[in-house]
Number of protein chains: 2
Amino acid sequence: MLNYSTSEENYIKAIFHLQHSDGTVTTNELAAELKTKPASVTDMMKKLKTKKLVHYQAYHGFRLSNDGKKLALIIIRRHRLWEFFLAEKLKFSWEEVHAVAEDLEHVSSKKLIDKLDEYLGFPRFDPHGDPIPDMNGKIESSKQVCLQDLPLNQMATVCHVSDQSKEMLELLGHKKIAMGTRLEVKRRFTFDNSLEIKIRQPRKASADQSAINISEQLSKNIFAKYDE
Amino acid sequence: MLNYSTSEENYIKAIFHLQHSDGTVTTNELAAELKTKPASVTDMMKKLKTKKLVHYQAYHGFRLSNDGKKLALIIIRRHRLWEFFLAEKLKFSWEEVHAVAEDLEHVSSKKLIDKLDEYLGFPRFDPHGDPIPDMNGKIESSKQVCLQDLPLNQMATVCHVSDQSKEMLELLGHKKIAMGTRLEVKRRFTFDNSLEIKIRQPRKASADQSAINISEQLSKNIFAKYDE
DNA sequence: AAATATTTTTAGGCAAACCTAAAAAAATTC
DNA sequence: GAATTTTTTTAGGTTTGCCTAAAAATATTT
């Protein structure tokens, strides 16, 4: 991996965070997140495109390339390991931890981070409960949430069902939802808090993307972990 | 204390190190130390002068101001504490430690450094044996060396005499050297390894700067600690 | 679909930190 | 002390990352 400037790293990280709830990111969003101006974002996007860290076409938003995602995970790994260190070893409070880690995360020695990881005992979550990517960029999905709390368009994997009654399982079977099913919430109807979800079929080509409706009561019993 | 750029901090640190064996630093020396060009050094000196970190007059070299010295000690403190951390906690080898600390030293949170210091048990020397400045910028003088090993023009304070015989003390008395005397070696004669030293009189104005000659035998019995 | 509003990009500038080449000052040699 | 060499500074240029203001593209109203 090459070496990137603090500024480049901050852009990559910000795109990653915004992308989480969206997939693609806009110029204005990113400018707001980074407290800079849209024109500066455009400048940087051109640069990151030539470095192959983002896919970008003028006027059509951008998203991280595979290399961009890898880099983002490296930076997040650094950030969260330092946060863990600051809270656990130096006894910083949770609120103070973030600002200092913002600086430390740009020190780029891989060996430093891997040794820090080992020294800390390979922690899996930072003090805020966010998962820490491992040496290979593998990141555990966040803590599970019920479908009601899942952000729109956030791909997630079903991992828990709180009510395991026969009736419940019958309903789940009918809706073709099981442990490990990957889905995303496409809409939330405020009238009755029912959800419209899409299930991602593993084998079948991306056809058959029919939406399924889930009642509020059911949605509160199904838990999932964020993907990606 | 204000915030300084990584580049500014590197200049200040470099001046401090060169100054150690000289007092005043030249443009070319500094350019060599920082692996940059003399013209760039001149640029930066103008800037550091307006920030009152150095005393500088075109064509006449420069030296750190009091604020500059304070800043240098803060940076050295950060550097050496990180070195200690890397070696002691993360099990880096002595040689690896320096390069990583070069990056970490520019993270400027005072609280971080003071908490790190505490976490490490207030170490007094880094893995290379160099002293670590304390929270107030107080730095212990380095390990003592005999006059024979003192670099030229390095101000030092006499702190130990290995042979305390009557003859020895008589000679020291005659040369007006005692515990606490501040001196520097101005020349070393290779013919007989005798030294020409200057004693700094505390009270008297900087007049009376007569040089004294010290034989090799005597010089090996007088120990001093680096000043400043 | 035309007019308006919003978003995004382009154009041109600025400061930091570097560079090269030429000029000026200081040091050294003759 | 005049001539030469070395050191240092000035002048002008580059890249990075930011800015403002104007132009272009897209989205939203009417």
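Numbered from 1 within each chain, the chains take letters A, B, ... in sequence-line order. Predicted model, so just to flag it, every value in this text is computed and none were measured.
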Trainee: Taking salt bridge (Lys or Arg N to Asp or Glu O under 4.0 Å) as the definition, give me every residue that meets it alongside B:Arg80, ordered by chain and number, with sequence neighbours left out.
Mentor: B:Asp126

Trainee: I need the CG-P distance between A:Asp43 and C:dC14, as an integer number of Å.
Mentor: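 It is 16 Å, rounded to the nearest whole Å.
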
Trainee: Rounded to whole Å, how long is the line connecting atom OH of B:Tyr11 with atom P of C:dA16?
Mentor: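 Distance check: B:Tyr11 OH to C:dA16 P gives 14 Å.
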
Trainee: If I take atom NZ in residue B:Lys35 and atom P in nucleotide C:dC19, what distance separates them, rounded to the nearest angstrom?
Mentor: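 Atom NZ in B:Lys35 sits about 13 Å away from atom P in C:dC19.
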
Trainee: Using whole Å, what does the distance between atom P of nucleotide C:dA16 and atom CD of B:Glu8 come to?
Mentor: 9 Å

Trainee: Please identify each residue that fulfils side chain to side chain contact (heavy atoms under 4.5 Å, CB included) with A:Ser93, with sequence neighbours left out.
Mentor: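 Expected list: A:Glu95, A:Glu96.
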
Trainee: For B:Ser7, report the nucleic acid contact type (base, sugar-phosphate, nothing); a contact means any heavy atom under 4.0 Å.
Mentor: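 Contact class for B:Ser7: sugar-phosphate only.
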
Trainee: Would you jot down, in residue-number order, the residues of residues 98-106 of chain A having a non-hydrogen atom under 4.0 Å from DNA chain C?
Mentor: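 Result for residues 98-106 of chain A: none.
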
Trainee: Enumerate the salt bridge (Lys or Arg N to Asp or Glu O under 4.0 Å) contacts for residues 49-65 of chain A, please, sequence neighbours excluded, ordered by first and then second residue.
Mentor: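 Checked against salt bridge (Lys or Arg N to Asp or Glu O under 4.0 Å) - neighbours excluded - the pairs reaching residues 49-65 of chain A are A:Glu8-A:Lys51.
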
Trainee: For B:Phe84, check ring pair (Phe, Tyr, Trp, His ring centres under 6.0 Å) against everything at least two apart and list the hits.
Mentor: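 Applying ring pair (Phe, Tyr, Trp, His ring centres under 6.0 Å) to B:Phe84 gives none.
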
Trainee: Taking the six-membered ring where the residue is Trp, are the ring centres of A:Phe62 and A:Tyr11 under 6.0 Å apart?
Mentor: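 They do not qualify: ring centres at least 6.0 Å apart.
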
Trainee: To the nearest Å, how far apart are A:Met44 CE and D:dT16 C1'?
Mentor: 8 Å

Trainee: Sort and list the pairs that fulfil salt bridge (Lys or Arg N to Asp or Glu O under 4.0 Å) and have at least one residue in residues 30-45 of chain B, not counting sequence neighbours.
Mentor: none

Trainee: Summarise protein proximity over nucleotides 2-9 of chain D in one line of letters, 5' to 3': B for base, S for sugar-phosphate only, - for none, counting protein heavy atoms closer than 4.0 Å.
Mentor: -----SBB

Trainee: Taking OH from A:Tyr4 and P from D:dT16, how many angstroms apart are they, rounded to a whole number?
Mentor: 14 Å

Trainee: Which residues pass the salt bridge (Lys or Arg N to Asp or Glu O under 4.0 Å) test with A:Lys115, sequence neighbours left out?
Mentor: none

Trainee: Not counting sequence neighbours, which residues clear side chain to side chain contact (heavy atoms under 4.5 Å, CB included) with A:Tyr59? List them please.
Mentor: none

